[in-house]
Trainee: 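My questions all concern the structure below.
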Amino acid sequence: MKISDIENASPEALAPLLLATLQRLGQLGRNGAVALARLAEKDDADVEEAVEWLADIAAGSLRE
C-alpha cells in the first residue's frame with residue numbers, strides 16, 4: 001500500500017499494515033519510538049485518540 005492510499009483505505013486494509021508496523025517499531029525499541037516521535041506533532045488530536053485506542057488494545061480491553 002502506498003502512503004497516498006492510506007486516506008481512503010478501509011479499517012480492514014489498514015489494520016494488518018499497522019500491526020506489522022507497530023511490531024517492527026517494537027523490535028527497534030527506543031530508536032523506533034524516537035523516529036515516530038519526530039514525526040508526531042505535539043497536541044495532534046488524531047494521534048492522541050489513536051494512542052488511547054492502542055492502549056485499550058494493549059490492555060486487552062478492546063474486542064468486538
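All values below come from the heavy atoms of this structure, side chains included, with hydrogens, waters and symmetry mates left out.
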Trainee: Look up atom CD in Gln27 and atom CG in Leu22, then write down how far apart they are to the nearest 0.5 Å.
Mentor: 11.5 Å
Trainee: Kindly list each side-chain donor-acceptor pair under 3.5 angstrom involving residues 36-45, sequence neighbours excluded, with atom names and distances?
Mentor:
unit_1, atom_1, unit_2, atom_2, d
Asp44, OD1, Asp46, N, 2.9
Asp44, OD1, Val47, N, 3.2

Trainee: List the residues meeting side-chain contact (heavy atoms from CB on, under 4.5 Å) with Ile57, not counting sequence neighbours, and say none if there are none.
Mentor: Leu54, Leu62
Trainee: Considering all heavy atoms of both residues, which atom of Thr21 and which atom of Leu17 are nearest to each other, and what is their separation?
Mentor: OG1-O, 2.8 Å
Trainee: Which ILVMFWY residues can you reach from Leu19 by hopping between side chains whose heavy atoms are under 4.5 Å apart?
Mentor: none
Trainee: Locate the shortest heavy-atom distance separating Gly32 from Leu25; write the atom from each residue and the value.
Mentor: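 Looks like O-CD2, 3.4 Å.
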